[in-house]
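Written out below as structure tokens is the structure these notes cover.
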Amino acid sequence: MENQPQYSLTRPLRCIVKLGGAAITCKNELEKINEENLKAVSIHLRQAMMSGDVVGMDWSRKPGKSDICVNVDEISDQPLSDSSNFIVVHGAGSFGHFQASKSGVHKGGLNQSLVRAGFVATRISVTSLNLEIVRALAQEGIPSTGISPFSSGWTTRQRNVASADIATVATAIDSGFIPVLHGDAVLDHSLGCTILSGDVIIRHLADSLRPDYVVFLTDVFGVYDRPPSEPDAILLREIAVDEDGSWSVIDPAPEDLTKQVEITVAAHDTTGGMVTKISEAAAIAKLGIDVYIVKAATEHSLKALKGEVKSNISDDWLGTAIRFKRTT
């Protein structure tokens, strides 16, 4: 999908945030949320985008309670909080991947009963996670609203985005909401169906809405030269992207890397894992938008969300910055 129209928001978009599935769910436990991380991430997002008192926006009945506990009169006296424009996009983690990989939804073929059933099962799973993330953000007073790509008309052709509903997202932002999108099972004009990853969604949103910066929150401190589980893995602090979209490591200096950079993909991941993340981050950086990949629920991720590393990356900041290589 080339030459996307750019949308003029009432106020500029400050940041697009990707909540990595491995950071907010227990990826090896089917459909289990990492409650501690999700709570910490929600607090950090509130601190990064809002000022003023928190107004709870989850008015649903809590587990173990018989009614809805909310003091409407107390809220009516509260002024609207001042907030920056953010977009949140989350991965699926332990939600949806099992259903998609077992049924082959990512390969297409809606004329097969297993694929059609898997499409429905995948969407039930990922939309249930989306609701819980919206709920967690709402509990922190973030006016979040879920937007599912399939339901709002995102489609692909040969797994490349064919149509992207940016207008709904832009309208939600201008109305004072924080849109929360997610990786989803979508219709594909050639294959019948496939999986649209959150990383791809972010690139298309960034292209049309041009945020100041993009932050990927993951379960590791950033991009490493090999799997971070290996004891001698080196954190790549800065990656430069050329005009042709290729990228190279500039910190640490290439001579300090003893091996070629190795990027691996988990066997169950139907969206490409770190390979997709790096390629999409490089495409965003090529637009002149800085991208930060950092571990969720840490002081380092909070600094990235606040934009504190955009002007100066301190020596003690742990993460990976991906930037466009500007030539003079």
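Throughout, residue positions are numbered sequentially from 1 according to the sequence presented.
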So do [Y] and [X] actually touch side chain to side chain, heavy atoms under 4.5 Å?
X    : Y    : answer
V294 : T218 : no
C15  : V215 : yes
I201 : W154 : yes
I202 : E280 : no
V115 : C193 : yes
E140 : K39  : yes
L110 : L187 : yes
H44  : V17  : no

When rounded to the nearest 0.5 angstrom, what is the spacing between [atom1] in [X] and [atom2] in [Y]?
X    : Y    : atom1 : atom2 : value
F177 : I142 : CZ    : CD1   : 14.0 Å
F216 : S301 : CZ    : OG    : 14.5 Å
I313 : H300 : CD1   : NE2   : 13.0 Å
N37  : K295 : CG    : NZ    : 8.0 Å
S101 : H106 : OG    : NE2   : 7.0 Å
I87  : L181 : CD1   : CG    : 7.0 Å

For [Y], is there any backbone N or O sitting under 3.5 Å from a side-chain donor or acceptor partner on [X]?
X    : Y    : result
T127 : I124 : yes
T156 : A162 : no
D58  : A138 : no
D188 : Q158 : yes
T25  : A22  : no
R11  : I173 : no
E132 : L129 : no
S128 : S125 : yes
T10  : D174 : no
T320 : L236 : yes

Whether W317 and Y292 hold their rings parallel, tilted or perpendicular, with breakpoints at 30° and 60°: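 Ring orientation of W317 relative to Y292: perpendicular.
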
Can you name the closest pair of heavy atoms from [X] and [Y] and give their distance?
X    : Y    : value
L30  : S94  : CD1-O, 3.7 Å
A297 : V41  : N-CG2, 4.1 Å
A283 : R203 : CB-CD, 3.1 Å
D290 : K310 : OD2-CG, 4.1 Å
V309 : A304 : CG2-CA, 3.9 Å
A206 : I289 : O-CD1, 3.9 Å

Treat each ILVMFWY residue as a node, draw an edge where side-chain heavy atoms are under 4.5 Å apart, and state whether [X] and [Y] are in one component.
X    : Y    : result
V200 : I147 : yes
Y213 : L305 : yes
L209 : I284 : yes
L191 : L196 : no
F86  : V214 : no

Polar side chain donor-acceptor pair, S148 to D184, under 3.5 angstrom: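 No pair is found: no donor N or O on one side chain lies under 3.5 Å from an acceptor on the other.
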
No-hydrogen, no-angle side-chain donor-acceptor test under 3.5 Å, S314 and D316: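 A donor-acceptor contact under 3.5 Å links the two side chains.
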
Audit row: D199, S197, side chain to side chain donor-acceptor pair (under 3.5 Å) steps and yes/no: CA-CA 5 Å; D199 297 335; S197 80; 4.8 Å; no

More than 12 heavy atoms of other groups within 6.0 Å of Y7 OH: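 Yes, because the 6.0 Å sphere around OH of Y7 holds more than 12 heavy atoms from other groups.
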
Crowding at NZ, K306 (>12 non-hydrogen neighbours, <6.0 Å):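 Yes - once you tally the heavy atoms of other residues, nucleotides and ligands closer than 6.0 Å, there are more than 12.
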
CA sep, side-chain torsions, deciding dist, call: I166, L205, side chain to side chain contact (heavy atoms under 4.5 Å, CB included): CA-CA 7 Å; I166 309 294; L205 291 172; 3.7 Å; yes

Verdict with supporting geometry, V105 and Q99, side chain to side chain contact (heavy atoms under 4.5 Å, CB included): CA-CA 8 Å; V105 167; Q99 292 86 346; over 6 Å; no

Residues V186, T194; criterion side chain to side chain contact (heavy atoms under 4.5 Å, CB included); working and verdict: CA-CA 6 Å; V186 298; T194 194; 4.2 Å; yes

Intermediate values then yes/no, side chain to side chain contact (heavy atoms under 4.5 Å, CB included), T122 and I195: CA-CA 9 Å; T122 299; I195 298 296; 4.2 Å; yes

